[in-house]
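In each ligand, atom 1 is the first atom listed, and ligand 1 is the first ligand listed.
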Amino acid sequence: MAPRKIIIDTDPGQDDAVAILLALGSPDEIEVLGITAVAGNVPLALTAKNSLMVCELAGKVDVPVYAGCKAPLGRELVTAEHVHGKTGLDGPTLPDPVMQLTEGHAVDFIIETLRREKSGTVTLCPLGPLTNIATALQKAPDIADRIAEIVLMGGAYFEVGNITPAAEFNIHVDPQAADIIFKYGGMITVMPLDVTHKALVTKERNDAFRALGTPVGIAVAEMTEFFERFDKEKYGSLGAPLHDPCVTAYLIKPELFKGRFVNVEIETQSELTMGMTVADWWGVSGRTPNATFMGNIDVDGFFALLTERIGRL
Ligand code: RIB
Ligand code: CA
């Protein structure tokens, strides 16, 4: 079977980096057409630079990386240095990139790629705020029918918020963009905190990354060792939650995840619950289902896949 063509939209972020590495280490299943950076965990200049650094760490210097939107559609940018560090990729010492950004705006790359590739063959994989994807849909409504699927990390239901009591970070940063995505009309698969908070890098799992003994394995161990602090302090977690790698793992082994096809709508009015993903998990609203909202993960299978693929780089 031909590898699945994807665009990774991202705000690296240590967990974004691991998600990108998993994709780049799986060429039989995934063809990364390009990486589009968006402002989120840290400002755009850093998420773009970090995207380049991750491609170089993987030895995949031919992947086009584009800079995208530097602010949410209708709100001030909120960043997460308190989780990811000043650079957004604290932990390992990685060299400044030699690779350059590819000329052009990320939004135009998304539109042009969807118009060029056969309709229904390109999957969008947003790992950060949804600003780039929403802007592309606003600028070129014709692309909506050409998207194979949007597989995103964001939102929460049983887990509720990690940045406010009600909202998960990616959705909270740009709720207006998320609202556009959840109304685009095509296939959506959501990896919420309900799943990603189960994908924890325990010491044993971190030791397994380090035991790979490769520059990539050691860098992943150092990344996850750094960004675990926030969740350990807040939730008493046993390690860093690998939010974004759930997206790329789903593309390779969807059977690792279980969820429900439900209605998901985004709070965009109330400041109290701004950015909440109102997932009708129990089917009580009568609203039409629009997304597969994941609720469970085979954690051992996830880490076995991740460690094996990281080991290939
Ligand atoms: O809430 C977790 C999400 O916010 C992840 O994508 C992480 O990288 C941050 O962007
Ligand atoms: Ca992210």
Side-chain angles (χ1 to χ4, degrees), residues 7-23 35-44 46-51 53-54 65 68-70 72 77-85 87-91 106 124-133 150-175 177-178 181 189-201 220 223-224 226-232 234-235 237 239-250 266 274-277 293-294 297:
I7 294 173
I8 298 176
D9 190 72
T10 181
D11 63 334
Q14 291 88 351
D15 60 316
D16 301 68
V18 179
I20 294 167
L21 292 167
L22 175 55
I35 292 175
T36 51
V38 68
N41 285 320
V42 286
L44 177 67
L46 283 172
T47 59
K49 176 183 174 187
N50 293 343
S51 299
M53 287 163 69
V54 174
V65 177
C69 299
K70 56 174 168 235
L77 176 63
V78 170
T79 53
E81 287 87 348
H82 62 291
V83 179
H84 300 278
T87 71
L89 215 45
D90 286 25
L124 302 183
C125 299
L127 310 178
L130 292 158
T131 318
N132 284 345
I133 314 292
I150 296 180
V151 185
L152 67 92
M153 191 280 141
Y157 180 61
F158 293 101
E159 281 293 292
V160 288
N162 62 352
I163 185 86
T164 71
E168 176 278 328
F169 178 79
N170 288 341
I171 310 299
H172 177 73
V173 169
D174 200 339
I181 279 22
T189 298
V190 184
M191 293 291 166
L193 297 179
D194 304 51
V195 162
T196 69
H197 275 177
K198 294 169 183 158
L200 301 175
V201 185
V220 167
M223 285 182 202
T224 53
F226 177 87
F227 99 99
E228 69 178 16
R229 295 159 306 133
F230 173 78
D231 289 82
K232 277 190 157 181
K234 176 171 182 178
Y235 298 103
S237 304
L242 284 187
H243 306 291
D244 297 335
C246 288
V247 169
T248 37
Y250 170 79
I266 309 298
M274 182 61 73
M276 183 174 189
T277 46
F293 197 84
M294 293 301 182
I297 178 176

Original post:
For Ser237, does its backbone N or O pair with a side-chain atom of Asp231 as donor and acceptor, under 3.5 Å?
Top reply: no
Original post:
How many angstroms lie between atom NE2 of His243 and atom CE of Met191, to the nearest 0.5 angstrom?
Top reply: 13.5 Å
**OP:** May I ask you to list the atoms of ligand 1 that are less than 4.0 angstrom from any heavy atom of Asn170?
**Re:** 3 (C), 4 (O), 5 (C), 6 (O), 9 (C), 10 (O)
Original post:
What protein heavy atom sits nearest atom 1 (O) of ligand 1, and how far off is it?
Top reply: Glu168 OE2, 2.6 Å
Original post:
How far apart are the closest heavy atoms of Pro72 and Asp174, and which atoms are they?
Top reply: CA-OD2, 3.2 Å
Subject >> Residue, atom name and distance, where the atom is the protein heavy atom closest to atom 9 (C) of ligand 1 >> reply: Asn41 OD1, 3.1 Å
Original post:
Of Asp16, Val190, Leu22, Val151, which meets side chain to side chain contact (heavy atoms under 4.5 Å, CB included) against Val247?
Top reply: Val151
**OP:** For Asp15, take its heavy atoms, then give the atoms of ligand 1 lying under 4.0 Å from any of them.
**Re:** 5 (C), 6 (O), 7 (C), 8 (O)
Original post:
Which value, rounded to 10°, describes the OD1(Asp11)-the Ca ion (ligand 2)-OD2(Asp244) angle?
Top reply: 140°
Subject >> Spatial distance of atom CG (Leu127) from atom CG (Asp15) [nearest 0.5 Å] >> reply: 8.0 Å
**OP:** Report the part of Asn162 (side chain from C-beta onward, or backbone N, CA, C, O) that has a heavy atom under 4.0 Å from ligand 1; answer both or neither where that applies.
**Re:** side chain
**OP:** State whether the shortest distance between N or O atoms of Gly13 and N or O atoms of ligand 1 falls below 3.5 angstrom.
**Re:** no
Original post:
Short list, please: which atoms of ligand 1 are under 4.0 Å from a heavy atom of Asp11?
Top reply: 10 (O)
**OP:** Scan side-chain atoms only and decide if Asp11 and Thr47 contain a donor-acceptor pair under the 3.5 Å cut-off.
**Re:** no
**OP:** Would you mind running through ligand 1 and noting each atom that sits below 4.0 Å from a heavy atom of Met153?
**Re:** 2 (C), 3 (C), 5 (C), 6 (O)
**OP:** Kindly confirm whether the Ca ion (ligand 2) is within less than 3.0 Å of some N/O/S atom in Asp15?
**Re:** no
Original post:
Taking the Ca ion (ligand 2) as the vertex, what is the angle from OD1 of Asp16 to O of Leu127, given to 10 degrees?
Top reply: 140°
**OP:** Locate the shortest heavy-atom distance separating Lys234 from Ile163; write the atom from each residue and the value.
**Re:** NZ-N, 4.4 Å
**OP:** Kindly indicate, with the supporting measurements, whether the criterion side-chain contact (heavy atoms from CB on, under 4.5 Å) is fulfilled by Leu89 and Phe226.
**Re:** CA-CA 9 Å; Leu89 215 45; Phe226 177 87; over 6 Å; no
Subject >> Numbered atoms and elements of ligand 1 in range of Asp16, under 4.0 angstrom, heavy atoms >> reply: 8 (O)
